[in-house]
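Note sheet for the following structure.
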Amino acid sequence: MQDRFLSYALLIPAFVIVLATTIYPLAYSFITSFREWDLTRQRRPGDFLGFDNYVHAIAEAGFQNSLWVTIIFVITSVVLTLVLAMSLALLLRRKGPLHTFTRIILILPFAMSPALIGVSYRFMFNPEFGVLAVGLGAIFPSLKGTPWLADPDLAMAILVATDVWHWTPYMTFMCLGGLASIPRETEEAARIDGASGFRIIWEIVLPQMKGVLLVTAILKTIFALKMFDQVVTLTGGGPGTSTETLAYFVFNVGFKWYDMGYASALAWILTLIMMLISAWYVRMLLSDNIKETA
Amino acid sequence: MKIYSSLIALSAVLFASSALAWEATPGKPYEGQTVHALIVKSSQFEAHEARMAAFEDATGIDVVVDYVPFPNMKEALTAEMVGGAGDYDVVSIMDGWVSSLKNLIDPIDEGIAAQGTDLSDFPTAHLRHGYIDGKLHGLPVRGHVQLLFYRKDILDQAGVTPPSTWTEVVEAGKAVQASSELAGIALPYGKLNGQNLQVWINLLWGHGGDLFDKDGNPVFNSEAGVDATQQFIDLLLEHKIVPVGAAAYVEQDAVNSFKQGNSAMLPLWWWVRSQLTDPEESKVTDEQLGVMALPSVAGSERTTFTNTWIFGVTEGSRNRDAAIEYLGWLTDPAIERDVLLDENLKETVAVHFSNLRDPEVNARWGGIHQAAADALATAPGMSFDANWPRISEILENAISSLASGESDDVSAVLDAAAKQISGIR
């Protein structure tokens, strides 16, 4: 009995910290999302508006645009990151000094701050003196002087590229971990039977990697949905509103426009989207496990 | 002409001497109190802090200053307003934020009157931002006007004189590009804190337009607004006299382009003057740099957009009187003049007419203060209501969208922006 009491007592500090830093802010923002709270007019939350903030969001062009931008960003960024990460993992799964060295080097992009990545790429794509802009112009003369970040499609492509560059190393390590757990005997047997490398990967490796890839996809999707830092420092959401992601839009509404009630509603819509996608992924993962167990 | 100049100089000296000098409240009534100030990071304010000992000796008040970089300043002020803990007694607020942060600061009319501060020494365009609902809530300490910086050597080489109208800017820009590798004029069309609106607004005024009518309805989509916007976008897309990446440039990109010797002209705030010829970061020398008032639209008066930082006393301040005493000292023209004439500093920013027209100040800075005073004498400035951050965002999106070629129908884009602004809840 005493041991049980002690166990609960020891949990209290952690519970208090989680309550204060996670549960309370979440609950507060949820309640705020149903209230009027324009900081320019009132210091404290005002009247309850029911679902007005949510209804306003659905009808507002700014929200619709940022949702569409986010969907494009998430799909391209997640697919590209997973394909690249899996490909790199397959290349790096062999053992040897070169592979070990490459794995160490590979972690560097992930160690960089996303805001710094945005600033760096902004400089690198400056058509006047950016190393990438000038370099690409030298290799492909038709690209010389291209205003990379001034074109809506190119700006989105660069935003996706910076995110893929940032996250691919981490996802590669996750895939490497997954590959290490696959018994090599199956592959060896297939190879002896004359299966091509592509067929081995497609029919033997990838099916066994499904669980790892799903977890990787969940994480990457959540990170992509929260895309904010690089938008601020690389494109500022522009040109126009062509790279204004949902997270950036929420920030603008809350901390530039000071409409805290509406910003809370938008943040909860973003949270809801993340929860639904995560639930869908987890369902796929569980159904796969159930099939395997059966 | 000479007599006229002498009269101006004499009146400036008389005006300067008539400005009241700050004096500490007798008897040091606030001795032992500590004033905490939340101030945006700036070398001008650091220069004030270096002179703080005199104030602390005279009043017995300690002043503790926390500097916050500009990108984080608004969040810091918001946290202070929402928290309401009274951590700070004095705060610096940029003009466009004042309305939305009005709950942070309290009226200071009576306290400042007791300090003997001469409000008529502040240009209207700056001082108006200190007023909320007709009451004085803050005093301007830092204020900017727009000037045209240009490369004398490059314009000479191109055989053109510094342009005084935007039509001449196009001619000069084309001549520069025909005779050198430089772009004509560095302008920011990208998105960041409404920076792509600052030249555009001058064109709007120059064409006889405005952002809003007297009832607050958007009118920037009028014929004058469409003409002004088309002229602004034409510099980029039609005349192509701006750097190749200007459609995504923010203010600092334009400054870098000029400093790296890639552009011949730069219309910008005067605070940038000191860094344009700093040998550690710029290829431009003092001999190459020319400065003049911002070009106007042909046939109309000169205009300038202004930027102002006011200092106010927080609602939650526990040392309100000491904070007002500090504001009285901080806004003493003598402090500003001392900084302007300090040979060890390169501070050009001034918000007092007495200093802007001071012959010694103008002698040191090549007359840019007199040019600023002339512009400010007639510049009414612009009020920003609480929705300005949202309005500014909508407008900068519209300009950015046109500049990027995402849309080419100026009238339709401005109409859409006006509709969006009218629909703000």
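In what follows, chains are A, B, ... by sequence order, proteins preceding strands, each numbered from 1.
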(message) Pair A:Thr241, B:Glu393 - check side-chain contact (heavy atoms from CB on, under 4.5 Å), show working.
(response) CA-CA 10 Å; A:Thr241 52; B:Glu393 177 105 6; over 6 Å; no
(request) Can you measure from OG1 (B:Thr78) to CZ (A:Phe255) and round to the nearest 0.5 angstrom? (result) 8.0 Å
(request) Check whether any side-chain heavy atom of B:Gln420 sits under 4.5 Å from a side-chain heavy atom of A:Glu60, and report yes or no. (result) no
(request) Check whether any side-chain heavy atom of B:Ser401 lies under 4.5 Å from a side-chain heavy atom of A:Pro239, and answer yes or no. (result) no
(message) Just by distance, no angles: are the side chains of A:Glu128 and B:Ser257 close enough, under 3.5 Å, to form a donor-acceptor pair?
(response) yes
(request) Check B:Glu406 against A:Ser242 and note the closest heavy-atom contact, atom names and distance. (result) OE2-CB, 3.9 Å
(request) Return yes when atom CE of A:Met112 has more than 12 non-hydrogen atoms of other residues, nucleotides or ligands closer than 6.0 Å, and no otherwise. (result) yes
(request) Determine yes or no for a side-chain-to-main-chain donor-acceptor pair under 3.5 angstrom, with B:Ser400 supplying the side chain and A:Gly240 the backbone. (result) yes
(request) Go through the atoms of A:Phe129 and report whether side chain, backbone, both or neither lie under 4.5 Å from a heavy atom of chain B. (result) side chain
(request) Kindly check if the number of other-residue, nucleotide or ligand heavy atoms within 6.0 Å of CG (B:Asp385) is above 12? (result) yes
(request) Check whether any side-chain N or O of A:Lys256 sits under 3.5 Å from a backbone N or O of B:Arg390 as a donor-acceptor pair, and report yes or no. (result) no
(request) Take atom CZ of A:Phe123 as the centre, draw a 6.0 Å sphere, and report whether it contains more than 12 heavy atoms from other residues, nucleotides or ligands. (result) no
(request) Give, as side chain, backbone, both or neither, the part of B:Val250 having an atom under 4.5 angstrom from any heavy atom of chain A. (result) both
(request) Can you establish whether the number of heavy atoms outside B:Phe384 located under 6.0 Å from its atom CZ is more than 12? (result) yes
(request) Would you please test A:Thr235 and B:Lys191 for side-chain contact (heavy atoms from CB on, under 4.5 Å) and show each step? (result) CA-CA 8 Å; A:Thr235 66; B:Lys191 288 174 57 180; over 6 Å; no
(message) What part of A:Gln42 gets within 4.5 angstrom of chain B, counting heavy atoms only: side chain, backbone, both, or neither?
(response) backbone
(message) Nearest 0.5 angstrom please: A:Asp38 CG to B:Ser100 OG, how far?
(response) 9.0 Å
(request) Would you check if B:Val244 and A:Lys144 make a side-chain contact, meaning some heavy-atom pair closer than 4.5 Å? (result) no
(request) Indicate the atoms forming the closest heavy-atom contact of B:Gly245 with A:Pro147, along with that distance. (result) CA-CB, 4.1 Å
(message) For A:Phe51, is the CZ atom crowded, meaning more than 12 foreign heavy atoms sit under 6.0 Å from it?
(response) no
(request) Please test B:Tyr249 against A:Asn126 for side-chain contact (heavy atoms from CB on, under 4.5 Å), starting from the C-alpha separation and ending with a verdict. (result) CA-CA 9 Å; B:Tyr249 271 18; A:Asn126 184 307; 3.6 Å; yes
(request) Could you tell me which non-hydrogen atom of A:Leu39 sits nearest to which non-hydrogen atom of B:Asn103, and how far apart they are? (result) O-ND2, 3.7 Å
(request) Please state whether the side chain, the backbone, both or neither of B:Lys74 comes within less than 4.5 Å of a heavy atom of chain A. (result) both
(request) Measure A:Asn252 against the heavy atoms of chain B and call it side chain, backbone, both or neither at under 4.5 Å. (result) side chain
(request) Looking only at non-hydrogen atoms, find the nearest pair between A:Thr40 and B:Lys102 and report the distance. (result) O-CE, 3.5 Å
(request) Would you mind checking which part of B:Gln252 comes under 4.5 Å of any heavy atom in chain A, side chain (CB onward), backbone (N, CA, C, O), both or neither? (result) neither
(message) Measuring from atom CG of A:Leu154 to atom OG of B:Ser404, what distance do you get when rounded to the nearest 0.5 angstrom?
(response) 11.0 Å
(message) What I'd like to find out is whether the side chain of B:Ile424 reaches to under 4.5 Å of the side chain of A:Trp257, using heavy atoms alone.
(response) no
(message) Taking CZ in A:Phe15 as the centre, count heavy atoms belonging to other residues, nucleotides or ligands within less than 6.0 Å. Is the count above 12?
(response) no
